[in-house]
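This report concerns only the one structure given below.
Chain letters run A, B, ... following the sequence lines, proteins first and then strands; every chain starts at 1.
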Amino acid sequence: MRLPPRHAPRKQDHGTAPRPAGSTHQDGQHPVRPGANCTARRALADFRICLPPGRLLGFAPRMKRTLVKEALNAAGPMESLLLQGWVRTRRDAKAFSFVEVNDGSCLKGVQVIVDATLPDYAQVARAHTGASVAVRGRLVASQGQGQKWAVVATGFTVVGEADGTYPLQKKGHTLEFLREIAHLRPRSNLFGAVFRVRSRLAYAVHQFFQERGFHYVHTPIITASDAEGAGDMFRVTTLDLEHPPRTPEGALDHARDFFGRKTFLTVSGQLEGEIFATALSNIYTFGPTFRAENSNTSRHAAEFWMIEPEVAFCDLAGDMDLAEAFVKHLIRDAREHCAADLEFCGKFVDPGLLARLDFVLERPFQRCRYTDAVEILQRSGRKFEHAVAWGDNLQSEHERYLTEEHFRCPVTVYNYPRAIKAFYMRKNDGEAPDRQTVAAMDLLVPGIGEIIGGSQREERLAELREGMALHHLPEKDYWWYLDLRRYGTVPHAGFGLGFERMLMFVTGVANIRDVIPFARTPGSAEF
RNA sequence: UGCCCGGUAGCUCAGUGGCAGAGCAGGUGACUGUUAAUCACUUGGUCGCUGGUUCGAUCCCAGCCCGGGCAGCCA
């Protein structure tokens, strides 16, 4: 939803421990790509070609691939398995080589021992860091330190070589460098971890809502309402920009555009979400969102994913309860199901990560009225760059102070001045006209700032029209939205959670560009 | 968009108004149940681009491009 001014504290200096240079890490990890099945088939074919006929018998043509994760978690030795993945690093001895193979199924790679007497041993020389390989072998208890299982190869094939120009090295890389090779960075340790967490967290989002009887609604990506707020939206058009159709007056003739009117990429599914909440009661959306603002910060992207639940017969308190339960569910789920990846993040990205996540899980979030927050800030004795005055938006530095220093935990600020919030937020009753507030709330977390923005919606027709007038919005553009108040209106509330910001919080990664597979930011849309 | 910082080998960086440096990666060899292995040798440069100052510019100046941090906009 587009709300008037908000901002988010910038990343926390997680303790004083510096982020290790090149917190990224090592050579890499390797993603499972769409063509993985083809690769698998090719690898099998290669085996048939390269292995001597006599040994083909012992090599089932339809041998099932074992993921590295499965191998590392095996309960006991395995007589025969097929691994397919990418070489992380190789260490040669005179009589054998160690090849570390990773397939992206988990953070760790499996150690493959290839004996020099193996007929395939010549292949090993081609298996540089980054090469894709297929390995047949036995899973045995490792004789070395550092891992429980190792694979003794009985067959070894390089599927695709990677020469010395492969950009991922066996050393740390900066996040900035890896951004420039977004097609290869999922093979690095950190990005492998981040995107596995991302996948799991997306699953946890659905799990949380589905278990609570919420229905998943697909709100439109293309929308015609351009007046939800002052923010810039991306135009969607099929008009010939070189020679656009004109009206007799010379203006652009939008009636001749694809949809017969001006259309945009959505900045929020909320208004449409309300339609479904007032029918299915509890709904949520989870999809891409677009903002054309020229934002150049570590926590803004032009394309990001947002989760927006909307609940009928719910007030602001219920909304805040839901938001808190939701955030905690996501953290708990990641802690439980992405333990190794988060430990890695804690080790190389943000030393205070795990302790902070656990701390957040254990404590109830603080709640604080906007008016009280202003007072806390004014009495803090802190010199802020921006003065604190009732009626003004809280600046980044203010929000940061509240969540990182005053409360030292996530805090929900609610009941904001009406003038600085969106038209659809419910007017609080019985307040002085110069101190009029709406039932809005922002959830602030240390290190990121605003991670959730929500409100109880104005369900009263008269008050909603008043709010629209206040924000100079034409009622004719919102006739269907007003209809929801004309027919069977109910108190309802919802919020928006920035998925990437949640990921930043959970992984400790400080830049939003590093938790999105392919970041879209001003001036940047490579890949 | 504004303010600030940066751009030198594939990567991370040092450096100087007068022959361009290190570590890692790559290559060659040695050695070791190794594990960011180790050791020796070695390849590798439009010093972001354009212009200016200068006998001479990677270095000083200006403009531009790119990256980053912070702020605003927000999730």
Side-chain angles (χ1 to χ4, degrees), chain A residues 1-11 20-22 24-28 88-100 108-113 115 128-130 140 142-147 150 152 162-181 189 229-232 267-268 270 288-308 348 385-386 393 395-397 399-400 422 442-445 448-454 495-505 510-513 521-524:
Chain A
M1 55 216 73
R2 294 204 51 79
L3 313 173
R6 266 340 8 249
H7 13 65
R10 56 129 200 278
K11 74 174 191 231
T24 306
H25 230 25
Q26 269 90 288
D27 50 340
R88 271 261 208 98
T89 179
R90 193 185 89 216
R91 293 172 292 276
D92 296 325
K94 190 179 275 178
F96 50 86
S97 289
F98 294 108
V99 183
E100 193 179 331
K108 291 189 72 174
V110 68
Q111 179 126 267
V112 174
I113 298 109
D115 197 274
H128 296 114
T129 299
V140 302
S142 174
Q143 294 175 37
Q145 302 294 309
Q147 65 275 319
V152 174
D163 65 15
T165 63
Y166 182 65
L168 292 174
Q169 299 162 15
K170 277 188 283 192
K171 57 171 254 179
H173 286 294
T174 60
L175 297 174
E176 290 79 11
F177 169 68
L178 289 166
R179 267 173 225 154
E180 292 169 7
I181 49 166
N189 277 331
D232 296 321
V267 294
S268 163
Q270 181 204 318
T289 308
F290 307 89
R291 306 273 167 94
E293 271 110 24
N294 188 11
S295 299
N296 291 290
T297 79
S298 56
R299 57 187 185 281
H300 287 88
E303 176 183 303
F304 62 99
W305 284 61
M306 188 157 63
I307 297 122
E308 296 180 286
F348 291 102
E385 201 167 311
H386 302 269
N393 258 296
Q395 302 291 305
S396 255
E397 54 176 342
E399 295 183 335
R400 236 180 299 134
D442 284 352
L443 174 56
L444 314 175
V445 297
I448 316 281
E450 181 179 346
I451 200 168
I452 280 180
F495 61 81
L497 171 93
F499 188 56
E500 284 77 16
R501 288 191 181 171
M502 188 66 211
L503 259 171
M504 291 167 71
F505 187 71
N511 196 310
I512 197 167
R513 296 173 183 88
T521 51
S524 176

- Item | Residue whose closest nucleotide on RNA chain B lies nearer the 5' end, A/Gln111 versus A/Glu500 | A/Gln111

- Query: Quick one: which of B/U12, B/G33, B/C73 gets closest to the side chain of A/Thr297?
  - Reply: B/C73

- Checking B/U12, B/C73, B/U34 against the side chain of A/Thr174 (C-beta onward), the nearest is B/U12

- Message: Assess, by modelled atom type and distance only, whether the side chains of A/Gln111 and A/Arg88 contain a donor and an acceptor separated by less than 3.5 Å.
- Response: no

- Note on the structure: Secondary structure of RNA chain B per the Watson-Crick/G-U criterion (both distances under 3.5 Å; [ ] crossing, | other strand, . unpaired) is (((((((..((((....[..)))).(((((.......))))).....(((((..]....))))))))))))....

- Note on the structure: Looking only at B/G33, B/G68, B/C11, the nucleotide nearest the A/His173 side chain is B/C11

- Query: Does B/U34 have OP1 or OP2 sitting under 4.0 Å from an N or O in the side chain of A/Ser97?
  - Reply: no

- Note on the structure: With B for base contact, S for sugar-phosphate-only contact and - for none (protein heavy atoms under 4.0 Å), nucleotides 22-28 of chain B reads -BBSSS-

- Query: What's the closest nucleotide to the A/Phe96 side chain, out of B/G69, B/G72, B/G33?
  - Reply: B/G33

- Query: Does any N or O donor sit under 3.5 Å from an N or O acceptor when you compare the side chain of A/Asp92 with the base of B/U34?
  - Reply: no

- Please tell me which of the listed nucleotides, B/C70, B/G67, B/A37, lies nearest to the side chain of A/Glu176? B/G67

- Message: Set out, in order, the CA-CA distance, both residues' side-chain angles and the distance that settles side-chain hydrogen bond (donor to acceptor under 3.5 Å, both in side chains) for A/Ser142 and A/Gln147, then state yes or no.
- Response: CA-CA 6 Å; A/Ser142 174; A/Gln147 65 275 319; 2.9 Å; yes

- Task: Please confirm whether any donor atom in the side chain of A/Glu100 sits under 3.5 Å from an acceptor in the base of B/U34, or the reverse.
- Result: no

- B/G67 OP1/OP2 closer than 4.0 Å to side-chain N/O of A/Arg513: no

